[in-house]
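Sequence lines set the chain letters: A, B, ... in the order given, protein chains first and strands last, and positions in each chain run from 1.
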2 protein chains.
Amino acid sequence: MGETGTDKALREGSSVKRAAIIAAARDLFVHQGVDRVSMDAVAAQAGVSKRTVYDYFGDKRRLFLAILADASDSLNASARDALDKHLPETAEIATVPQLEEALTAVAVELGTTIVGSADYAAAFALVAQQRLQTPATEDDVVTAPVENALAERFARWAAAGLLDAVDPQLATAHFGALTLLLAYNAQPNPASADPARVRQIMIDGVHAFMRAYGAR
Amino acid sequence: MGETGTDKALREGSSVKRAAIIAAARDLFVHQGVDRVSMDAVAAQAGVSKRTVYDYFGDKRRLFLAILADASDSLNASARDALDKHLPETAEIATVPQLEEALTAVAVELGTTIVGSADYAAAFALVAQQRLQTPATEDDVVTAPVENALAERFARWAAAGLLDAVDPQLATAHFGALTLLLAYNAQPNPASADPARVRQIMIDGVHAFMRAYGAR
DNA sequence: TACCAGCTGCACTGCACGGTGTAGTGTCGC
DNA sequence: GCGACACTACACCGTGCAGTGCAGCTGGTA
């Protein structure tokens, strides 16, 4: 399941044009909905002929899937960056306050990069749009890797006596709900978030999480 | 802002037909997306002629808004019911465990009726679909009344020393995130939720909430 | 009986969009 | 000069859909 077969006769083309088309389509799709955006509009926004769009991506559905894959990739990449940056394997976290500080740093960074950035918020919006439609939408944005990485760390801290979490998976879900989920949902419309507001939600969310799960 | 003006020349008609059209349109819209559902399909599903749909609602947009208003009303009604049932003004809640029990009852009921019921889940799905589209979407599903009612109760319990909540609004937001938001988001697709799963999420969510906000 | 409103069924218009085919232009390597 | 290629501009087809107009059926009412 690694490669989604580029079935036939798709042109490789330059990566800059490809990126331009994806960016244009993403922005238009997010703000107007996939169905209301014509391929002509995508081509115009990308500064490319409509024919080129079809030569590159085949049809509208495959263009959409390409957007999802692209967003999913960069989302996971930046999430992993944030984790490695603020919660490295070598982190010396020995007290609950240290843990809260580190988690807050992670949450704020994730919040500003994910919720605050149109690129990633777009992915969620698009999935939310298509989720209900044609049931054959198994092509989702994969959040699992990040969640698993977090759950693994939670389990380690629980073992170390820093967290009072019987079920690390559940703790991870609650962490996400109190931070990213809440922040994303609190925005009137994604891709235009108020950074300060997001930041405050993150801080409050981590604080509540630590009150619930921090060892006493 | 009370009445959205039924501009002109709309027929009142029988409430059963009206309800049938709304139900049919809601289901189709939720499962296929507003743009992909034709008015012919709505009429057929409702067992009504297309002409009648137009005579009743004017156009597709107003039909959509009627669905939102309808869902918003019944959602708030059943939410208020759940609150009055499990957290009446006359409730004798004096201990933290009693509070957790009552909150769990409320959350489970809200979860099964809202997340578990297609009617209300549909509203959120539709709003999610339209939220990004044409920015002039001020016609939202109003959750504010319920949230305020909850926040008010939280404030009272905080004053009574049962909750350790400096900011009742924030506590309400966290309560919602840990329960409804998480449950709604954990469903692969709304309107087909697993009741047992929803129930468990609610129980766990309230438990975590009480660990974070319950007085020690 | 005549009238009238609610409703159906259907034909019809106008339009927008997905997708294709193709002629023509610029560019690179030989 | 020549072929191969990437790309554009544009015309074009088929289709699906929002919305309208209308003829006709039905049941209730005076």
Side-chain angles (χ1 to χ4, degrees), chain A residues 6-68 126 129-130 133-134 136-137, chain B residues 6-68 126 129-130 133-134 136-137:
Chain A
T6 59
D7 265 311
K8 59 179 68 173
L10 291 190
R11 197 195 301 159
E12 194 55 30
S14 73
S15 58
V16 292
K17 274 191 202 291
R18 181 166 287 265
I21 295 172
I22 285 186
R26 189 218 307 123
D27 294 347
L28 290 175
F29 285 176
V30 168
H31 289 98
Q32 307 178 38
V34 176
D35 294 305
R36 302 195 187 204
V37 174
S38 69
M39 294 295 269
D40 292 83
V42 171
Q45 176 81 7
V48 158
S49 83
K50 180 167 73 159
R51 207 61 183 81
T52 297
V53 176
Y54 277 97
D55 286 344
Y56 271 52
F57 295 95
D59 59 22
K60 200 177 190 180
R61 166 157 189 82
R62 287 200 268 178
L63 171 59
F64 175 74
L65 293 181
I67 294 173
L68 250 51
L126 290 179
Q129 280 180 31
Q130 300 317 76
Q133 317 197 5
T134 52
T137 306
Chain B
T6 60
D7 265 313
K8 60 179 65 174
L10 292 191
R11 196 195 299 159
E12 193 55 29
S14 74
S15 58
V16 292
K17 273 190 203 293
R18 181 167 287 266
I21 296 172
I22 285 186
R26 189 216 309 120
D27 293 348
L28 290 175
F29 284 176
V30 168
H31 288 100
Q32 307 179 38
V34 176
D35 294 305
R36 301 194 187 204
V37 174
S38 69
M39 294 297 268
D40 291 83
V42 171
Q45 175 84 4
V48 157
S49 82
K50 180 167 72 163
R51 207 60 183 81
T52 297
V53 176
Y54 277 98
D55 286 345
Y56 272 50
F57 295 96
D59 60 22
K60 201 178 189 179
R61 167 155 190 83
R62 287 199 269 178
L63 171 59
F64 175 75
L65 293 181
I67 293 173
L68 249 52
L126 290 178
Q129 281 180 30
Q130 296 324 71
Q133 318 198 3
T134 52
T137 307

Atom-pair distance (CE on A/Met39; P on D/dT8), nearest Å: 14 Å

Which is true for A/Lys17 with a 4.0 Å heavy-atom rule: it touches a base, it touches only sugar-phosphate, or it touches nothing? sugar-phosphate

What is the distance, rounded to the nearest whole Å, between atom CG of A/Asp55 and atom C1' of C/dG18? 15 Å

Measure from NZ on B/Lys50 to P on C/dA11 and round the result to the nearest Å. 12 Å

Name the residue from B/Leu68, B/Ile67, B/Val42 that meets the side-chain contact (heavy atoms from CB on, under 4.5 Å) definition with B/Arg26. B/Ile67

Taking the nucleotide of DNA chain C with the closest heavy atom to each, which residue, A/Ser38 or A/Arg51, is nearer the 5' end? A/Ser38

Provide, to the nearest angstrom, the distance between the CZ atom belonging to B/Arg61 and the P atom belonging to D/dG19. 11 Å

Is there side-chain contact between B/Val37 and B/Gln45, with at least one heavy-atom pair below 4.5 Å? no

Short side-chain to backbone donor-acceptor contact, B/Tyr56 and B/Ser14, under 3.5 Å: yes

Looking only at side-chain N and O atoms, does B/Thr52 come under 4.0 Å of OP1 or OP2 in C/dT8? yes

Would you kindly give the CG-to-P distance between A/Asp59 and C/dC17, to the nearest whole Å? 17 Å

In whole angstroms, the gap separating C1' of C/dC15 from CG of A/Asp40 amounts to 14 Å

Give one of base, sugar-phosphate or nothing for A/Val37, where a contact means two heavy atoms less than 4.0 Å apart. sugar-phosphate

Side chain proximity check, A/Lys60 to A/Phe64, heavy atoms < 4.5 angstrom: no

Nearest-Å distance for atom pair CG/C1', residues A/Leu63 and C/dC17: 15 Å

Can you tell if the side chain of B/Asp59 reaches within under 4.5 Å of the side chain of B/Arg62, non-hydrogen atoms only? yes

Quick one: is B/Tyr54 getting a side-chain N or O under 4.0 Å of the D/dG21 phosphate, OP1 or OP2? no

Would you mind classifying the nucleic acid contact of B/Tyr56 as base, sugar-phosphate or nothing, using non-hydrogen atoms under 4.0 angstrom? sugar-phosphate

Atom pair distance, as rounded to whole Å: NZ in A/Lys60 and P in C/dT20: 14 Å

